[in-house]
Amino acid sequence: MSMKKMIVGISLLLLTACGTTRYVYKQSSVVSNPYHAPRIASATKQAYVNAVNQMRSHGRTCGNRGYFPPAPPLRWNENLYRAAYEHSADMMVNDMFTHQGSNRVGDWTAKVQHLGRPSYFTDRIENNGYKQWKRLAQNIAAGMPTVSQTMQQWENSADHCVNIMNPLFAEFGMAHVQKKGTHYRHYWTQNFALHQ
C-alpha cells in the first residue's frame with residue numbers, strides 16, 4: 001500500500017466532527033416548513049435504531065469524558081430524521097463537513113426561515129417540527145459507507161460517544177446520503193432530543 005493511500009485511509013477512519021449539545025429549554029416560535037426528506041425504508045430505520053440502542057445497552061468509557069453506564073433505548077422520531085436528512089444532503093450538495101448549514105443551495109432551513117446566515121442544528125430541528133425541546137445534540141460523520149463503521153467512528157470520539165450514551169435523551173433521528181465525486185462521498189447526521 002502506498003503512503004498516500006495509507007494516509008487517506010487513516011484520515012477517513014478519523015473523520016468526525018465535534019458532537020454539539022444544547023441543554024437550554026427553548027419555547028419555539030418558529031413556523032415550521034419541513035424539508036421534504038424521502039421516506040426512510042423500514043429496514044434502514046430499524047438498522048439505525050438497533051445500532052444506537054445496541055451501543056446504549058452496554059456501559060462504556062467515552063474517551064476523556066469518563067464512564068457511562070447503560071442507557072435506556074431511544075425512540076425514533078421522524079422530525080429529527082427530516083432535520084438529519086436535510087443536513088446530510090446539504091453537506092453532500094456543497095461538499096462540506098460542518099455542523100452549520102451552508103447558507104447556499106441545500107440549506108433549506110436558512111432559506112425558508114429567511115435566517116440571513118447558515119442554519120444551526122437547533123434551527124433545522126425546530127423548522128422540521130420538533131419544538132419545545134429541553135435538550136438537543138447532533139453528531140455528524142463522513143467517509144464511511146456503513147452504519148456499523150460510522151457508529152465505530154462515533155464510539156471512538158469522546159463527544160460523539162457522550163451524545164449517544166447520554167441517558168437524558170429519549171428520541172433520535174439519523175440519516176445517510178452519498179454521492180460519487182464528492183470529497184467524502186458518505187455524509188451522516190444524528191440528532192438527539194428530549195422534549196419538554
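- Contact of the Tyr48 side chain with the Trp76 side chain is registered, since non-hydrogen atoms from C-beta on lie closer than 4.5 Å.
- Put simply, the side chain of Asn127 does not reach to within 4.5 Å of the side chain of Arg124, judged on heavy atoms.
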Stepwise side-chain contact (heavy atoms from CB on, under 4.5 Å) test for Gln153 and His160 = CA-CA 9 Å; Gln153 284 180 298; His160 296 83; over 6 Å; no
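- Once rounded to the nearest 0.5 Å, the distance linking OG of Ser102 with NE2 of His87 reads 9.0 Å.
- Asn156 contributes a side-chain N or O that, together with a main-chain N or O of Gln152, makes up a donor-acceptor pair within less than 3.5 Å.
- Using modelled atom types, no side-chain atom of Thr44 and backbone atom of Ile40 make a donor-acceptor pair closer than 3.5 Å.
- Counting only heavy atoms from C-beta outward, the side chains of Arg185 and Met92 never approach each other to under 4.5 Å.
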Verdict with supporting geometry, Asp90 and Met96, side-chain contact (heavy atoms from CB on, under 4.5 Å) | CA-CA 8 Å; Asp90 186 24; Met96 62 180 204; 3.6 Å; yes
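- A heavy-atom distance below 4.5 Å is not found between the side chains of Tyr85 and Asn191.
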Carefully, step by step, assess His186 and Met144 under the rule side-chain contact (heavy atoms from CB on, under 4.5 Å).
-> CA-CA 6 Å; His186 298 274; Met144 290 297 167; 5.9 Å; no
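- A 4.5 Å side-chain heavy-atom check between Arg104 and Pro118 finds every atom pair outside the cut-off.
- Atom CE of Met91 is separated from atom CD of Gln100 by 12.5 Å, given to the nearest 0.5 angstrom.
- There is a side-chain donor-acceptor pair under 3.5 Å between Gln138 and His99.
- For the pair Tyr35 and Thr109, the minimum side-chain heavy-atom distance is 4.5 Å or more.
- With contacts defined as side-chain heavy-atom distances shorter than 4.5 Å, the pair Tyr187/Lys179 does not qualify.
- With hydrogens and angles ignored, the 3.5 Å screen pairs no side-chain donor or acceptor of Lys131 with any backbone N or O of Ser29.
- Residues Val52 and Met151 form a side-chain contact, since some pair of their non-hydrogen atoms from C-beta on lies under 4.5 Å apart.
- Here Arg135 does not pair with Glu171 in a salt bridge; the nearest charged N to carboxylate O distance is not below 4.0 Å.
- Going from atom CD1 of Ile164 over to atom CZ of Phe172 covers 9.5 Å, rounded to the nearest 0.5 Å.
- Taking CH2 of Trp188 as the start and CH2 of Trp154 as the end, the distance is 7.0 Å to the nearest 0.5 Å.
- For Gly106 against Asn94, the heavy-atom pair with the smallest separation is CA-ND2, 4.5 Å.
- When all heavy atoms of Pro34 and Ser32 are compared, the closest pair comes out as CD-C, 3.7 Å.
- In terms of modelled atom types and a separation under 3.5 Å, the side chain of Asn163 and the main chain of Ala137 share no donor-acceptor contact.
- A side-chain N or O of Asn128 and one of Glu86 form a donor-acceptor pair less than 3.5 Å apart.
- To the nearest 0.5 angstrom, Phe121 atom CZ is 5.5 Å from Leu136 atom CG.
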Between Val30 and Gln113, does a side-chain contact (heavy atoms from CB on, under 4.5 Å) hold up when you go through it step by step?
-> CA-CA 8 Å; Val30 170; Gln113 293 296 330; 3.5 Å; yes
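- Once rounded to the nearest 0.5 Å, the distance linking CD1 of Ile125 with CZ of Phe192 reads 10.5 Å.
- Side chain of Ser88 to main chain of His176: no donor-acceptor pair is present (N/O by atom type, distance under 3.5 Å, no hydrogens or angles).
- Between Arg117 and Asp107, no side-chain nitrogen of the basic residue sits less than 4.0 Å from a carboxylate oxygen of the acidic one, so the salt-bridge criterion is not met.
- Nearest approach of Ala175 to Ala84, heavy atoms of both residues: CB-C, 3.7 Å.
- Each of Leu80, Ile140, Asn139 was compared with Gln190 under the side-chain contact (heavy atoms from CB on, under 4.5 Å) criterion, and only Asn139 meets it.
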Only pairs under 3.5 Å count here: list side-chain donor-acceptor contacts from residues 57-75, not counting sequence neighbours, and write none if there are none.
residue, atom, partner, partner atom, Å
Ser57, OG, Gln54, O, 2.7
His58, NE2, Gln54, NE2, 3.2
Arg60, NE, Met55, O, 3.3
Arg60, NH1, Glu155, OE2, 2.5
Arg60, NH2, Met55, O, 2.8
Arg65, NH1, Asp159, OD1, 2.6

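- Taking each heavy atom of Leu194 and Ala170 in turn, the nearest pair found is CD1-CB, 4.0 Å.
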